[in-house]
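For the numbers below, each heavy atom of this structure counts, side chains included, while hydrogens, waters and symmetry mates do not.
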Amino acid sequence: SYPKNLASVTQVSLTLLKLARHHEQNHIPTSMNDSVDKLVIFLAKRDGIDKLVKTFQYVSKLVNWHVEATHPDTSKRFKQWEVASGLSRKAFRTGRFLTGFNVLRRNPGSTLSLRLLAVLSNAGEMVYFFFDHFLWLARIGTIDASLAKKMSFISAFGESVGYVFFIIADFIMLKEGLKAERKLRRSSSKEKSEEEEKAVILKIRSDRIMRLMAVAANLADLFIAIAEIEPNPFCNHTVTLGISGLVSAWAGWYRNWPS
(Lines give C-alpha, C1' and ligand atoms only; values in the text may rest on other atoms or scores of the structure.)
Protein backbone atom coordinates (compact mmCIF):
# COMPACT_ATOMS: atom_id res chain seq x y z
CA SER A 1 0.00 0.00 0.00
CA TYR A 2 2.98 2.31 0.60
CA PRO A 3 3.86 2.75 -3.11
CA LYS A 4 0.19 3.47 -3.88
CA ASN A 5 0.04 6.13 -1.15
CA LEU A 6 3.31 7.65 -2.39
CA ALA A 7 1.91 7.78 -5.93
CA SER A 8 -1.26 9.47 -4.66
CA VAL A 9 0.71 12.06 -2.70
CA THR A 10 2.93 12.75 -5.73
CA GLN A 11 -0.11 13.18 -7.95
CA VAL A 12 -1.73 15.60 -5.48
CA SER A 13 1.54 17.55 -5.17
CA LEU A 14 1.84 17.87 -8.95
CA THR A 15 -1.78 19.04 -9.19
CA LEU A 16 -1.23 21.68 -6.49
CA LEU A 17 1.96 22.83 -8.24
CA LYS A 18 0.09 23.24 -11.53
CA LEU A 19 -2.66 25.23 -9.78
CA ALA A 20 -0.07 27.47 -8.10
CA ARG A 21 1.64 28.15 -11.45
CA HIS A 22 -1.72 28.87 -13.08
CA HIS A 23 -2.54 31.33 -10.27
CA GLU A 24 0.87 33.05 -10.66
CA GLN A 25 0.47 33.43 -14.42
CA ASN A 26 -3.00 34.93 -14.03
CA HIS A 27 -2.25 37.05 -10.98
CA ILE A 28 1.09 38.76 -11.72
CA PRO A 29 0.15 40.70 -14.87
CA THR A 30 -2.98 42.08 -13.18
CA SER A 31 -0.92 43.12 -10.15
CA MET A 32 1.80 44.77 -12.25
CA ASN A 33 -0.81 46.75 -14.20
CA ASP A 34 -2.56 47.94 -11.06
CA SER A 35 -2.14 51.66 -10.26
CA VAL A 36 -1.89 51.07 -6.51
CA ASP A 37 0.92 48.53 -7.01
CA LYS A 38 2.76 51.01 -9.21
CA LEU A 39 2.31 53.74 -6.59
CA VAL A 40 3.74 51.46 -3.89
CA ILE A 41 6.77 50.65 -6.09
CA PHE A 42 7.19 54.35 -6.93
CA LEU A 43 7.11 55.42 -3.27
CA ALA A 44 9.58 52.67 -2.32
CA LYS A 45 12.20 54.47 -4.42
CA ARG A 46 14.10 57.31 -2.79
CA ASP A 47 13.57 59.48 -5.88
CA GLY A 48 9.87 58.62 -5.84
CA ILE A 49 9.22 59.82 -2.28
CA ASP A 50 11.45 62.84 -2.95
CA LYS A 51 9.27 63.92 -5.90
CA LEU A 52 6.10 63.48 -3.84
CA VAL A 53 7.44 65.62 -0.98
CA LYS A 54 8.80 68.14 -3.51
CA THR A 55 5.24 68.48 -4.84
CA PHE A 56 4.06 69.19 -1.26
CA GLN A 57 6.87 71.74 -0.85
CA TYR A 58 6.11 73.82 -3.93
CA VAL A 59 2.30 73.54 -3.79
CA SER A 60 2.45 74.83 -0.20
CA LYS A 61 4.82 77.60 -1.33
CA LEU A 62 2.33 78.78 -3.96
CA VAL A 63 -0.66 78.52 -1.59
CA ASN A 64 1.26 80.46 1.08
CA TRP A 65 1.99 83.25 -1.44
CA HIS A 66 -1.62 83.29 -2.68
CA VAL A 67 -3.31 83.59 0.75
CA GLU A 68 -0.61 85.55 2.60
CA ALA A 69 -2.46 88.89 2.49
CA THR A 70 -6.01 87.61 3.01
CA HIS A 71 -5.61 84.62 5.38
CA PRO A 72 -2.43 85.02 7.47
CA ASP A 73 -3.20 82.02 9.72
CA THR A 74 -3.65 79.69 6.75
CA SER A 75 -0.56 81.21 5.14
CA LYS A 76 1.50 80.42 8.26
CA ARG A 77 0.39 76.78 8.21
CA PHE A 78 1.35 76.36 4.56
CA LYS A 79 4.69 78.08 5.19
CA GLN A 80 5.41 75.56 7.94
CA TRP A 81 4.48 72.73 5.56
CA GLU A 82 6.83 74.15 2.92
CA VAL A 83 9.76 74.39 5.38
CA ALA A 84 9.10 70.91 6.83
CA SER A 85 8.93 69.40 3.32
CA GLY A 86 12.21 71.06 2.31
CA LEU A 87 14.00 69.76 5.41
CA SER A 88 12.53 66.27 4.93
CA ARG A 89 13.84 66.14 1.36
CA LYS A 90 17.32 67.02 2.59
CA ALA A 91 17.15 64.11 5.06
CA PHE A 92 16.07 61.70 2.27
CA ARG A 93 19.11 62.76 0.22
CA THR A 94 21.63 61.58 2.81
CA GLY A 95 24.52 59.88 0.99
CA ARG A 96 23.09 60.79 -2.41
CA PHE A 97 26.42 62.32 -3.52
CA LEU A 98 27.74 58.75 -3.91
CA THR A 99 25.36 58.20 -6.87
CA GLY A 100 27.38 60.53 -9.10
CA PHE A 101 30.63 58.91 -8.02
CA ASN A 102 29.24 55.47 -8.87
CA VAL A 103 28.08 56.65 -12.31
CA LEU A 104 31.61 57.89 -13.10
CA ARG A 105 33.07 54.64 -11.80
CA ARG A 106 30.70 52.33 -13.70
CA ASN A 107 29.52 54.03 -16.89
CA PRO A 108 31.00 57.50 -17.59
CA GLY A 109 30.00 57.56 -21.27
CA SER A 110 30.66 56.02 -24.67
CA THR A 111 32.69 58.89 -26.20
CA LEU A 112 35.35 61.30 -24.94
CA SER A 113 32.97 64.29 -25.06
CA LEU A 114 30.24 62.41 -23.15
CA ARG A 115 32.80 61.21 -20.58
CA LEU A 116 33.99 64.80 -20.05
CA LEU A 117 30.40 66.02 -19.69
CA ALA A 118 29.69 63.15 -17.27
CA VAL A 119 32.68 64.17 -15.11
CA LEU A 120 31.64 67.85 -15.02
CA SER A 121 27.91 67.21 -14.46
CA ASN A 122 28.33 64.52 -11.82
CA ALA A 123 31.08 66.48 -10.05
CA GLY A 124 28.70 69.44 -9.80
CA GLU A 125 25.92 67.19 -8.52
CA MET A 126 28.26 65.60 -5.94
CA VAL A 127 29.20 69.05 -4.61
CA TYR A 128 25.49 69.91 -4.43
CA PHE A 129 24.45 66.83 -2.48
CA PHE A 130 27.54 66.80 -0.23
CA PHE A 131 27.20 70.41 0.97
CA ASP A 132 23.42 70.01 1.15
CA HIS A 133 24.06 67.73 4.15
CA PHE A 134 25.72 70.61 6.02
CA LEU A 135 22.96 73.00 4.97
CA TRP A 136 20.40 70.58 6.45
CA LEU A 137 22.40 70.27 9.71
CA ALA A 138 22.69 74.06 9.97
CA ARG A 139 18.96 74.54 9.32
CA ILE A 140 17.92 72.08 12.05
CA GLY A 141 20.44 73.55 14.52
CA THR A 142 22.87 70.63 14.79
CA ILE A 143 25.77 72.84 13.61
CA ASP A 144 26.20 76.61 13.66
CA ALA A 145 23.15 78.18 11.96
CA SER A 146 25.32 80.99 10.54
CA LEU A 147 26.92 78.42 8.18
CA ALA A 148 23.59 77.87 6.39
CA LYS A 149 24.00 80.76 3.94
CA LYS A 150 27.52 79.72 2.91
CA MET A 151 26.57 76.04 2.59
CA SER A 152 23.48 77.00 0.56
CA PHE A 153 25.59 79.05 -1.88
CA ILE A 154 28.20 76.31 -2.41
CA SER A 155 25.51 73.64 -2.78
CA ALA A 156 23.48 75.74 -5.26
CA PHE A 157 26.61 76.63 -7.26
CA GLY A 158 27.55 72.95 -7.65
CA GLU A 159 23.93 72.15 -8.50
CA SER A 160 23.76 74.78 -11.26
CA VAL A 161 27.08 73.65 -12.80
CA GLY A 162 25.85 70.05 -12.80
CA TYR A 163 22.53 70.96 -14.43
CA VAL A 164 24.20 72.92 -17.25
CA PHE A 165 26.36 69.96 -18.25
CA PHE A 166 23.54 67.42 -17.77
CA ILE A 167 21.39 69.49 -20.16
CA ILE A 168 24.19 69.68 -22.76
CA ALA A 169 24.75 65.90 -22.54
CA ASP A 170 21.02 65.23 -22.94
CA PHE A 171 20.80 67.46 -26.03
CA ILE A 172 23.75 65.59 -27.58
CA MET A 173 22.03 62.26 -26.92
CA LEU A 174 18.72 63.61 -28.29
CA LYS A 175 20.52 64.63 -31.49
CA GLU A 176 22.15 61.20 -31.76
CA GLY A 177 18.76 59.53 -31.26
CA LEU A 178 17.18 61.59 -34.07
CA LYS A 179 20.08 60.70 -36.38
CA ALA A 180 19.75 57.00 -35.55
CA GLU A 181 15.99 57.05 -36.18
CA ARG A 182 16.38 58.85 -39.55
CA LYS A 183 19.13 56.44 -40.60
CA LEU A 184 16.97 53.47 -39.68
CA ARG A 185 14.01 54.80 -41.66
CA ARG A 186 16.12 55.58 -44.75
CA SER A 187 18.02 52.30 -44.67
CA SER A 188 17.18 50.14 -47.71
CA SER A 189 18.78 47.00 -46.27
CA LYS A 190 16.52 44.38 -44.77
CA GLU A 191 18.85 43.30 -41.97
CA LYS A 192 16.02 43.81 -39.48
CA SER A 193 12.45 42.62 -39.77
CA GLU A 194 9.61 45.16 -39.61
CA GLU A 195 8.86 44.18 -36.00
CA GLU A 196 12.52 44.55 -34.97
CA GLU A 197 12.70 47.96 -36.67
CA LYS A 198 9.54 49.13 -34.86
CA ALA A 199 10.98 47.93 -31.54
CA VAL A 200 14.22 49.88 -32.09
CA ILE A 201 12.32 53.03 -33.08
CA LEU A 202 10.05 52.66 -30.03
CA LYS A 203 13.13 52.34 -27.80
CA ILE A 204 14.68 55.48 -29.34
CA ARG A 205 11.44 57.43 -28.86
CA SER A 206 11.05 56.26 -25.26
CA ASP A 207 14.61 57.37 -24.54
CA ARG A 208 13.84 60.74 -26.19
CA ILE A 209 10.82 61.33 -23.96
CA MET A 210 12.84 60.46 -20.84
CA ARG A 211 15.64 62.82 -21.89
CA LEU A 212 13.18 65.64 -22.62
CA MET A 213 11.71 65.11 -19.14
CA ALA A 214 15.25 65.25 -17.71
CA VAL A 215 15.96 68.51 -19.59
CA ALA A 216 12.69 70.02 -18.31
CA ALA A 217 13.50 69.01 -14.71
CA ASN A 218 17.12 70.20 -14.88
CA LEU A 219 16.16 73.51 -16.50
CA ALA A 220 13.48 74.12 -13.86
CA ASP A 221 15.91 73.27 -11.04
CA LEU A 222 18.52 75.55 -12.65
CA PHE A 223 16.14 78.51 -12.17
CA ILE A 224 15.83 77.60 -8.47
CA ALA A 225 19.63 77.33 -8.10
CA ILE A 226 20.21 80.68 -9.85
CA ALA A 227 17.73 82.29 -7.44
CA GLU A 228 20.08 81.22 -4.64
CA ILE A 229 23.47 82.14 -6.15
CA GLU A 230 22.44 85.26 -8.13
CA PRO A 231 19.16 86.66 -6.73
CA ASN A 232 17.04 88.53 -9.28
CA PRO A 233 13.37 89.60 -9.51
CA PHE A 234 12.40 86.94 -12.06
CA CYS A 235 14.05 83.80 -10.61
CA ASN A 236 13.26 84.79 -7.02
CA HIS A 237 9.58 85.48 -7.61
CA THR A 238 7.40 82.98 -5.74
CA VAL A 239 5.47 82.03 -8.88
CA THR A 240 8.71 81.31 -10.80
CA LEU A 241 10.06 79.21 -7.94
CA GLY A 242 6.74 77.43 -7.40
CA ILE A 243 6.18 76.54 -11.05
CA SER A 244 9.83 75.53 -11.50
CA GLY A 245 9.63 73.24 -8.47
CA LEU A 246 6.43 71.59 -9.71
CA VAL A 247 7.78 71.13 -13.27
CA SER A 248 10.87 69.43 -11.83
CA ALA A 249 8.79 67.28 -9.45
CA TRP A 250 6.29 66.15 -12.06
CA ALA A 251 8.98 65.44 -14.68
CA GLY A 252 10.62 63.30 -11.99
CA TRP A 253 7.28 61.56 -11.34
CA TYR A 254 7.08 60.65 -15.03
CA ARG A 255 10.66 59.37 -15.19
CA ASN A 256 10.41 57.29 -12.00
CA TRP A 257 6.88 55.92 -12.45
CA PRO A 258 6.99 52.12 -13.02
CA SER A 259 6.27 51.16 -16.64
Side-chain angles (χ1 to χ4, degrees), residues 35-36 38-96 125 128-129 131-143 145-160 162-163 213-257:
S35 296
V36 176
K38 288 183 177 181
L39 181 61
V40 169
I41 294 166
F42 174 77
L43 293 177
K45 299 178 181 179
R46 176 154 60 171
D47 277 349
I49 195 68
D50 178 68
K51 300 316 172 196
L52 177 63
V53 179
K54 190 171 189 175
T55 301
F56 295 158
Q57 181 183 356
Y58 285 97
V59 165
S60 57
K61 187 179 193 70
L62 288 170
V63 173
N64 168 46
W65 170 78
H66 184 66
V67 302
E68 192 172 14
T70 54
H71 300 86
D73 289 340
T74 304
S75 172
K76 185 181 177 182
R77 291 192 189 100
F78 277 95
K79 182 64 181 176
Q80 289 171 338
W81 192 12
E82 178 198 343
V83 172
S85 298
L87 291 174
S88 299
R89 290 184 61 227
K90 291 183 188 304
F92 297 149
R93 294 197 293 255
T94 302
R96 180 70 185 275
E125 190 182 63
Y128 161 44
F129 285 125
F131 283 94
D132 197 50
H133 296 346
F134 297 104
L135 173 58
W136 172 52
L137 293 172
R139 290 262 171 88
I140 63 175
T142 304
I143 62 175
S146 64
L147 291 170
K149 189 167 179 61
K150 189 175 183 180
M151 294 299 105
S152 180
F153 181 86
I154 296 170
S155 178
F157 185 80
E159 180 183 17
S160 59
Y163 290 143
M213 289 292 120
V215 168
N218 289 334
L219 196 57
D221 282 328
L222 183 58
F223 279 115
I224 297 170
I226 290 171
E228 182 61 40
I229 60 178
E230 192 64 41
N232 62 83
F234 176 73
C235 289
N236 287 77
H237 196 284
T238 305
V239 174
T240 305
L241 291 171
I243 292 173
S244 296
L246 290 177
V247 167
S248 172
W250 293 341
W253 271 78
Y254 186 90
R255 292 172 67 205
N256 287 285
W257 191 258

Supply the atom-to-atom distance [X] [atom1] to [Y] [atom2], rounded to the nearest 0.5 angstrom.
{"X": "W250", "Y": "M213", "atom1": "CH2", "atom2": "CE", "answer": "13.0 Å"}
{"X": "K51", "Y": "W253", "atom1": "NZ", "atom2": "CH2", "answer": "11.5 Å"}
{"X": "E125", "Y": "F129", "atom1": "CD", "atom2": "CZ", "answer": "4.5 Å"}
{"X": "F56", "Y": "S88", "atom1": "CZ", "atom2": "OG", "answer": "10.5 Å"}
{"X": "I154", "Y": "L135", "atom1": "CD1", "atom2": "CG", "answer": "10.5 Å"}
{"X": "D50", "Y": "N256", "atom1": "CG", "atom2": "CG", "answer": "9.0 Å"}

W65: partners by side chain to side chain donor-acceptor pair (under 3.5 Å), with sequence neighbours left out: none

Contacts of D47 that satisfy side chain to side chain donor-acceptor pair (under 3.5 Å) - sequence neighbours left out: R96

Shortest non-hydrogen separation from [X] to [Y] and the atoms involved:
{"X": "L147", "Y": "A138", "result": "C-CB, 4.5 Å"}
{"X": "S160", "Y": "I229", "result": "OG-CD1, 3.6 Å"}
{"X": "V59", "Y": "L246", "result": "CG2-CD2, 3.7 Å"}
{"X": "I226", "Y": "C235", "result": "CG2-SG, 4.0 Å"}
{"X": "A156", "Y": "A225", "result": "O-CB, 3.8 Å"}

Suppose we screen for side chain to side chain contact (heavy atoms under 4.5 Å, CB included). Which residues come up paired with [X], at least two apart in sequence or across chains?
{"X": "S155", "value": "Y128, F131, D132"}
{"X": "W136", "value": "L87, K90, A91, T94, I140"}
{"X": "S244", "value": "A220, F223, I224, T240"}
{"X": "S146", "value": "D144"}

Quick check: does any side chain N or O of R139 sit under 3.5 Å from a backbone N or O of A148, one acting as donor and the other as acceptor? no

Please, which pairs that meet side chain to side chain donor-acceptor pair (under 3.5 Å) have at least one residue in residues 225-235, sequence neighbours excluded? S152-E228

Under the rule for ring pair (Phe, Tyr, Trp, His ring centres under 6.0 Å), what residues qualify as partners of F134, not counting sequence neighbours? F130

Show the atom names and distances, to 0.1 Å, of all donor-acceptor pairs under 3.5 Å that link a side chain in residues 74-85 to residues at least two apart or in another chain.
residue: S75; atom: OG; partner: N64; partner atom: O; Å: 3.4
residue: S75; atom: OG; partner: N64; partner atom: OD1; Å: 2.4
residue: E82; atom: OE2; partner: K61; partner atom: NZ; Å: 3.0
residue: S85; atom: OG; partner: W81; partner atom: O; Å: 2.8

Got a sec, which pairs hit salt bridge (charged side-chain N to carboxylate O under 4.0 Å, His left out) with one end in residues 145-159, sequence neighbours left out? none

Mind running side-chain contact (heavy atoms from CB on, under 4.5 Å) on D221 and K54 for me, showing each step along the way? CA-CA 12 Å; D221 282 328; K54 190 171 189 175; 2.8 Å; yes

Hey, is NE2 on H133 packed in by over 12 heavy atoms from elsewhere, all under 6.0 Å? yes

